[in-house]
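Throughout, residue positions are numbered sequentially from 1 according to the sequence presented. Here the structure is a predicted model, which is why all the values come from computation and not from measurement. Values below: every heavy atom of this structure, side chains too, minus hydrogens, waters and symmetry copies.
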Amino acid sequence: MRYLPDGDQMKNADTHTIRQIGIPSLVLMERAALKIVESIEQADVSLSDTLVVCGSGNNGGDGFAAARILVEKGYRASVLFVGKETSLSEECRLQKQIAENLGIPVFTTYPGAEYTVIIDAVFGVGLSRDVTGHYAEVIDWMNAQEAFKVAADIPSGICSRTGRVFGTAFRADLTVAIACEKLGCVLYPGKNYAGKTVTVPIGIDTELFRADPAVCFTWEGKDMEKLLPERRADSHKGSYGRVLMITGSPGMAGAAYLSAKAAYAVGAGLVQVYTSEENRQILQQLLPEAIISCYSEYDEEKLEILLEWADVVCIGCGLGQSSTSEKILCHTLEKIRKPCIIDADGLNILSRHRELMDCGSRCPVILTPHMKEMSRLTGKSVAEIREDRMKVLDEFTEKQPVTCVLKDSRTVAARHGFHKFVNLAGNSAMAKAGSGDVLAGVITGLAAQEKDTFRSAALGVWLHACGGDEARGEKGTYSVLARDLIHGIQKCMKKAEESIRK
């Protein structure tokens, strides 16, 4: 697990380290500068002639110190100072003076020389306004240079919280993230400007993030073996949950198949599919392991029997939006007292019956909307949601007692009072029909085995994406089908299980 703080959260950690732990700001600055230089050396690029572009804040101070360290190591380095003398922070002023005392060239106008490396140390994580005027010209000039480009902590012009571009932004080949990768550098479009990111420790204490649920987190490959549900030697199919998949309107047997098979693939003990009668034969052939129950019209008595049987319910994959589907969803949400995952058409129907979202106060509920479905649930436009998805998720989960999995190229799982999970795995090969059905099934299968539904949602998102990476490795970017994701997930889980046994 690693944290993905925004600028304000990172500043709090920095202040805590300086004031409570007692590590001076200048010590942290020296460590940051050294790590920036070491990271560039490890990138195996020519440091024969480096230009460091510095602003007036502590990010600029990191830049001045980096220029000095480069010179100490025998490289040639110059500084382009683009800030204001009157705005220099105390630390930046000192670093600038040291550089000048050592005879390091410090320009205030664009130098005419060509450079092998340009280091961006203009703005740090605190930027909160559009870049205009002289600063915009500077960033555009840096982008136009033929050099390897390095951002100190975050590319100048990127919002550290949302990843949005403040008018213009530095396009880095390498971003050296100090202490933690910033949230804005993993969200798009910020990710496109960060290039390759390496995270370097400098002694900043991030333990206070543990107590701040506003700080986002992500998982990495080594975490998988610690997160999978336990499989006990003394167990049976009932030990791993009874799953009810309410899915598959006429002609949508594929959605039922993919979601049910995915639930089985992640370890659910028993899966029953409640679907349209037209889908019975094909599902019995495709997935003989599942129990197939069918309806031709709305049958309240049978639905209640199935809801009573289940330990966890998933509703919506390929459900359609007919009057029968609407009655099934409404009755399910009125009566449900068990964990419930609502996906796809279930969400579209729910957006017309928002009063039913209070079911989350009676039982754990997980919603899995993509951007358009989230727009219907919140009444906000897709553009508004993309502008600051974290704020939208915070507002939504404060009002609704649910876990919300907002699906996108960077899927986020959120629940009020919990750290938001940001998924960094996965790839564009997963942008295929049926991928969402697989995800719903994965989350449901995990929820059948886990008491913590937020963990089930976050782990389901991550496992689904890791399966997508496995599938791309086998099939390539263009040819992955939704069914391949399930096979990829199985491979990921097997690798994690083998690591546990070692």
Side-chain angles (χ1 to χ4, degrees), residues 237 240-303 305-307 309-329 331-332 340-349 368 429-446 448 460 464 467-468 471 474-475 479-490:
K237 63 178 180 285
Y240 305 111
R242 292 175 295 189
V243 168
L244 176 63
M245 309 292 300
I246 304 176
T247 174
S249 58
M252 296 296 289
Y257 163 70
L258 290 168
S259 56
K261 184 174 181 178
Y264 264 137
V266 297
L270 189 60
V271 178
Q272 182 165 187
V273 179
Y274 188 44
T275 186
S276 171
E277 182 65 45
E278 287 89 334
N279 298 326
R280 180 190 296 275
Q281 185 174 356
I282 189 169
L283 287 174
Q284 287 176 331
Q285 292 173 345
L286 287 173
L287 195 63
E289 298 89 345
I291 302 169
I292 309 300
S293 298
C294 298
Y295 60 85
S296 297
E297 57 186 18
Y298 177 60
D299 187 338
E300 186 173 301
E301 183 178 353
K302 184 173 184 178
L303 179 58
I305 292 170
L306 292 173
L307 293 174
W309 171 88
D311 294 317
V312 60
V313 175
C314 177
I315 183 167
C317 302
L319 185 65
Q321 299 186 54
S322 67
S323 60
T324 298
S325 298
E326 189 164 1
K327 290 175 183 176
I328 290 173
L329 180 96
H331 188 76
T332 297
C340 183
I341 292 80
I342 309 173
D343 183 55
D345 287 325
L347 295 168
N348 292 325
I349 298 171
T368 59
M430 301 170 67
K432 291 284 180 72
S435 180
D437 301 317
V438 174
L439 174 59
V442 170
I443 293 173
T444 304
L446 293 170
H464 175 256
E474 185 174 328
K475 300 274 187 170
S479 300
V480 171
L481 299 177
R483 72 187 77 165
D484 299 321
L485 303 181
I486 298 174
H487 180 59
I489 291 164
Q490 291 169 323

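In terms of heavy atoms, Ala290 sits closest to Val273 at CB-CG2, 4.4 Å. Nearest heavy atoms, Ser249 versus Leu319: CB-O, 3.2 Å. Ser435 and Ala482 make their closest contact through N-CB, 3.8 Å (heavy atoms, listed as atom of the first residue, atom of the second, distance). Contact record, Ala344 with Gly316: CB-O, 3.5 Å, taken as the closest heavy-atom pair. Shown here for Gly248 and Thr275, the closest heavy-atom pair between the two residues is O-OG1, 2.6 Å. Taking both residues in full, the closest heavy atoms of Val271 and Ala263 are given as CG2-CB, 4.1 Å, listed atom of the first, atom of the second, then distance.
Within a 6.0 Å sphere centred on NZ of Lys432, other residues, nucleotides and ligands contribute more than 12 heavy atoms. Surrounding CD1 of Ile282 are at most 12 heavy atoms belonging to other residues, nucleotides or ligands under 6.0 Å away. By the 6.0 Å contact criterion, CZ on Arg483 is open, its count of non-hydrogen atoms from other residues, nucleotides or ligands being 12 or less. Under a cut-off of 6.0 angstrom, the local environment of CD in Glu301 is sparse, with at most 12 non-hydrogen atoms contributed by other residues, nucleotides or ligands. Taking a 6.0 Å sphere around CD of Gln281, one finds it holds 12 or fewer heavy atoms contributed by other residues, nucleotides or ligands.
The main-chain N or O of Leu481 is never found under 3.5 Å from a side-chain atom of Lys475 such that the two would form a donor-acceptor pair. Judged purely by atom type and a 3.5 angstrom limit, Asp345 uses its side chain to pair as donor or acceptor with the backbone of Gly320. Side chain of His331 to main chain of Glu326: no donor-acceptor pair is present (N/O by atom type, distance under 3.5 Å, no hydrogens or angles). A donor-acceptor pair under 3.5 Å is absent between the side-chain atoms of Ser276 and the main chain of Asn279, judged by distance alone. With hydrogens and angles ignored, the 3.5 Å screen pairs a side-chain donor or acceptor of Tyr264 with a backbone N or O of Glu289. Under the 3.5 Å distance criterion, the side-chain polar atoms of Arg242 are left unmatched by any main-chain donor or acceptor of Val312.
The side-chain hydrogen bond (donor to acceptor under 3.5 Å, both in side chains) test with Asp343 singles out one residue from Thr368, Thr444, Thr247, and that residue is Thr368.
Atom-to-atom distance recorded for Leu303:CG and Tyr295:OH is 10.0 Å, nearest 0.5 angstrom. Here Met245 contributes atom CE and Cys317 contributes atom SG; the two are 5.0 Å apart, rounded to the nearest 0.5 Å. Within the model, atoms CD1 of Ile349 and NZ of Lys327 stand 12.5 Å from one another, a figure rounded to the nearest 0.5 Å. For the atom pair Lys237 NZ and Leu270 CG, the distance stands at 6.5 Å (nearest 0.5 Å). The OG atom of Ser293 sits 11.0 Å away from the CG atom of Asp299 when rounded to the nearest 0.5 Å. For the atom pair CG of Leu283 and CD1 of Ile291, the computed distance is 13.0 Å after rounding to the nearest 0.5 Å.
Counting only residues at least two apart or on different chains, no salt bridge (charged side-chain N to carboxylate O under 4.0 Å, His left out) pair has a member in residues 249-260.
Looking at heavy atoms from C-beta onward, Ile246 lies in side-chain contact with Ile328 at the 4.5 angstrom threshold. The shortest distance between side-chain heavy atoms of Val313 and Ile341 does not fall below 4.5 Å. Side-chain contact between Val243 and Cys314 is absent, with no heavy atoms from C-beta onward closer than 4.5 Å. No side-chain heavy atom of Val266 sits less than 4.5 Å from a side-chain heavy atom of Tyr240.
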Residues Thr324, Glu297; criterion side-chain hydrogen bond (donor to acceptor under 3.5 Å, both in side chains); working and verdict: CA-CA 6 Å; Thr324 298; Glu297 57 186 18; over 6 Å; no

message: Is there a side chain to side chain contact (heavy atoms under 4.5 Å, CB included) between Glu474 and Asp484? Walk through the geometry before answering.
response: CA-CA 9 Å; Glu474 185 174 328; Asp484 299 321; over 6 Å; no

- prompt: Which is it for Gln272 and Leu306 under the side chain to side chain contact (heavy atoms under 4.5 Å, CB included) test, yes or no, and what are the steps along the way?
  reply: CA-CA 9 Å; Gln272 182 165 187; Leu306 292 173; 3.2 Å; yes

